[in-house]
Novice: 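Take a look at this one; I'll ask things after.
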Amino acid sequence: MPSFLFISLLLSFIHFSFSLPSIGVTYSTTTTTASPPPDKISATISTLKIPNVRLPDADPSLIKAFAFTNTSLFLSIPNPLLPAVAANRSLALRWLYRHVLPFYPRSKITLISVGNAVLDSVAEQDFTPYLLPAMRNLHLALHELGIKKIPVSTTFSFFSTITTAFPPSSAEFQQPAGDLIIKPLLQFLEETNSSFLINLYPYNLYRLNSEIPVGFALFQDYPFNFRDDLVTGVRYFNLFDMMADSVLTAMAVMGYESVPVIVAETGWPSGGGEAGEVEANEAYAEMYLKGLVRHLKSGVGTPLKKDGVAEVYVYELMDHEGGNNDNNKVKGRKWGILTENMTRKFNVQISSGVKNYGLMGIFLFLIAIFYAFP
């Protein structure tokens, strides 16, 4: 019995200490050109062995195409629907009857974001008063339908949410949105076992700060390629971790450091954009993606959190003719890992692969074998 308990504890330690973040990709449609058939998108995702897909445009035919594929789907409700869903739970049920109930669980829907980057659109139309009521209505509607394993959240943009990334220990949520919107939302996420979703683009922060070396943003191992947080003494070797830890710090300030963080969007453009964007090229885009995947698969987490972020979604699956179709991004930039013709641009293996337990995991496993067979 003692040996059995010891082995159980060791295996539990290995499992919880070395779980890797899941890596996925965003697939967004475009209104300017015809999109590939949903079955082709699903088949491409399966061929690339990408385990998670974020669908900002939750078209029912696309959701259906992922049935029995074991690909996890992260759906979104567009911002203009928030007022209606917030005002009437029956409208939340109507959305679920169209986008979830006909396909779940054959299509593996694992997360729903109510809106995307709502703080970015306040100047045009303020959806923030409807955000939390809409999330609550959707959560309750899911439970009315007997679906209790699909968490509900919303997605924020780093630049409209976090005060600073230099240093991460000084980061807070921007006010007044921090106290009025984000704090009660974090309480909801904690109560419902959901996650905090954030769009995190080192490329954009690098473009805004000329003091950031491009290698630091691209996960490159150059001499002196680090930045120190002089408050905590923590040393950072890439910009992604600095931004992630800024989010974690802001959450900890509000008392919600235990809520998991999911990076809903990240990436590096391979072309297009505004004049002078010389860093938007295929070589840098491939360096960023390879560095990101290597870093996430290493299992080291971030300096402030060994578990790091729970999931990361690369933006995006494929280029669109004329650039991206997202109003929150500079028109013309090409973010895809595939071309418009769905051919591969980079030699990057995004699939999560087998968990790497590292030397410590192997050492503990050998100890377990020794005690099991004295």
Side-chain angles (χ1 to χ4, degrees), residues 16-24 74 111 113 116-117 119 151 153-175 177-179 181-206 208-209 212 216-217 219 226-267 291-293 295-315:
F16 288 112
S17 299
F18 296 91
S19 60
L20 302 180
S22 182
I23 309 171
F74 166 2
L111 179 63
S113 175
N116 180 37
L119 294 178
S153 188
T154 189
T155 306
F156 291 101
S157 167
F158 182 90
F159 295 97
S160 60
T161 308
I162 304 298
T163 55
T164 183
F166 302 101
S169 60
S170 298
E172 294 180 336
F173 288 115
Q174 295 180 25
Q175 297 297 345
D179 288 335
I181 299 166
I182 298 175
K183 189 170 185 178
L185 187 142
L186 284 168
Q187 183 179 355
F188 170 85
L189 297 179
E190 185 178 63
E191 291 172 350
T192 59
N193 295 316
S194 190
S195 302
F196 185 79
L197 314 181
I198 189 84
N199 298 335
L200 196 154
Y201 285 95
Y203 175 78
N204 292 338
L205 188 54
Y206 162 76
L208 291 172
N209 192 329
I212 301 174
F216 188 66
F219 296 93
F226 58 83
R227 291 291 181 273
D228 290 332
D229 187 328
L230 299 180
V231 177
T232 60
V234 171
R235 176 161 289 183
Y236 288 89
F237 294 94
N238 63 78
L239 189 53
F240 180 90
D241 277 354
M242 288 194 80
M243 297 174 75
D245 274 357
S246 298
V247 176
L248 293 167
T249 298
M251 293 170 63
V253 169
M254 288 194 166
Y256 293 97
E257 61 272 16
S258 62
V259 174
V261 173
I262 291 176
V263 177
E265 291 182 14
T266 192
L292 174 70
V293 172
H295 179 57
L296 294 174
K297 288 184 177 181
S298 72
V300 298
T302 71
L304 293 187
K305 189 174 184 181
K306 290 186 178 180
D307 291 340
V309 294
E311 299 174 22
V312 175
Y313 290 82
V314 172
Y315 187 90

Novice: Could you give the distance from CZ (F74) to OG (S195), rounded to the nearest 0.5 Å?
Specialist: 9.5 Å

Novice: Does a side chain donor of either S169 or D229 reach within less than 3.5 Å of an acceptor in the other side chain?
Specialist: yes

Novice: Is a side-chain donor-acceptor pair under 3.5 Å present for Y201 with E265?
Specialist: yes

Novice: Determine whether the aromatic ring centres of F196 and F156 lie less than 6.0 Å apart.
Specialist: yes

Novice: Quick one: do T155 and N199 satisfy side chain to side chain contact (heavy atoms under 4.5 Å, CB included)? Show the steps, please.
Specialist: CA-CA 7 Å; T155 306; N199 298 335; 3.2 Å; yes

Novice: Can you confirm whether L186 sits close enough to P184 that some side-chain heavy atom of one is under 4.5 Å from a side-chain heavy atom of the other?
Specialist: no

Novice: Starting at CG of L197, measure out to OH of Y313 and round the result to the nearest 0.5 Å.
Specialist: 9.0 Å

Novice: Within a strict 4.5 Å, meaning less than it, do heavy atoms of the V312 and F240 side chains meet?
Specialist: yes

Novice: Counting heavy atoms not belonging to K305, are there more than 12 under 6.0 Å from its NZ?
Specialist: yes

Novice: Just verifying a value: how many Å separate L205 CG and L239 CG, rounded to the nearest 0.5 Å?
Specialist: 5.0 Å

Novice: Checking D179 now: which residues fulfil salt bridge (charged side-chain N to carboxylate O under 4.0 Å, His left out) with it, not counting sequence neighbours?
Specialist: none

Novice: Both conditions, 6.0 Å and 45 degrees, for the charged tip of R227 above the ring of F216: are they met here?
Specialist: yes

Novice: Checking Y203 now: which residues fulfil ring pair (Phe, Tyr, Trp, His ring centres under 6.0 Å) with it, not counting sequence neighbours?
Specialist: W268

Novice: Which heavy atom of L111 sits nearest a heavy atom of S194, and at what distance?
Specialist: CD1-OG, 4.5 Å

Novice: Looking only at heavy atoms, what is the nearest atom pair of S246 and A171, with distance?
Specialist: O-CB, 3.3 Å

Novice: Looking at side-chain heavy atoms only, is the closest gap between N204 and F159 below 4.5 Å?
Specialist: yes

Novice: How would you list, by chain and number, every residue that makes a side chain to side chain contact (heavy atoms under 4.5 Å, CB included) with N193, sequence neighbours excluded?
Specialist: none

Novice: Is it possible for you to check whether R235 lies under 6.0 Å from the centre of the six-membered ring of F226, through NZ or CZ, and within 45° of that ring's axis?
Specialist: yes

Novice: Output the distance between atom CG (N238) and atom CG (L292), rounded to the nearest 0.5 Å.
Specialist: 9.0 Å

Novice: Going by the rule side-chain hydrogen bond (donor to acceptor under 3.5 Å, both in side chains), which residues pair with T266 if we only count those two or more places apart in sequence or in a different chain?
Specialist: Y288

Novice: Between Q174 and I162, is there a donor-acceptor pair closer than 3.5 Å when you use the side chain of the first and the backbone of the second?
Specialist: yes

Novice: For side chain to side chain contact (heavy atoms under 4.5 Å, CB included), just list the numbers for I198 and I262, CA-CA rounded to whole Å, side-chain angles, deciding distance to a tenth of an Å, and then say yes or no.
Specialist: CA-CA 6 Å; I198 189 84; I262 291 176; over 6 Å; no

Novice: Yes or no on side chain to side chain contact (heavy atoms under 4.5 Å, CB included) for L119 and I181, after CA distance, side-chain angles and deciding distance?
Specialist: CA-CA 10 Å; L119 294 178; I181 299 166; 4.0 Å; yes

Novice: Evaluate the ring planes of F219 and H295, with Trp represented by its six-membered ring, and classify them as parallel (under 30°), tilted (30 to 60°) or perpendicular (over 60°).
Specialist: tilted

Novice: State which residues pass side chain to side chain contact (heavy atoms under 4.5 Å, CB included) with F188; sequence neighbours excluded, sorted by chain then number.
Specialist: L132, M135, R136, H139, T192

Novice: Name the one of L304, T302, V234, V300 that satisfies side-chain contact (heavy atoms from CB on, under 4.5 Å) with D241?
Specialist: T302

Novice: Table please: side-chain donor-acceptor pairs of residues 249-261 below 3.5 Å, with sequence neighbours left out.
Specialist:
residue	atom	partner	partner atom	Å
T249	OG1	P168	O	3.3
T249	OG1	D245	O	2.8

Novice: Compare all side-chain heavy atoms of T163 with those of F173 and state whether any distance is below 4.5 angstrom.
Specialist: no

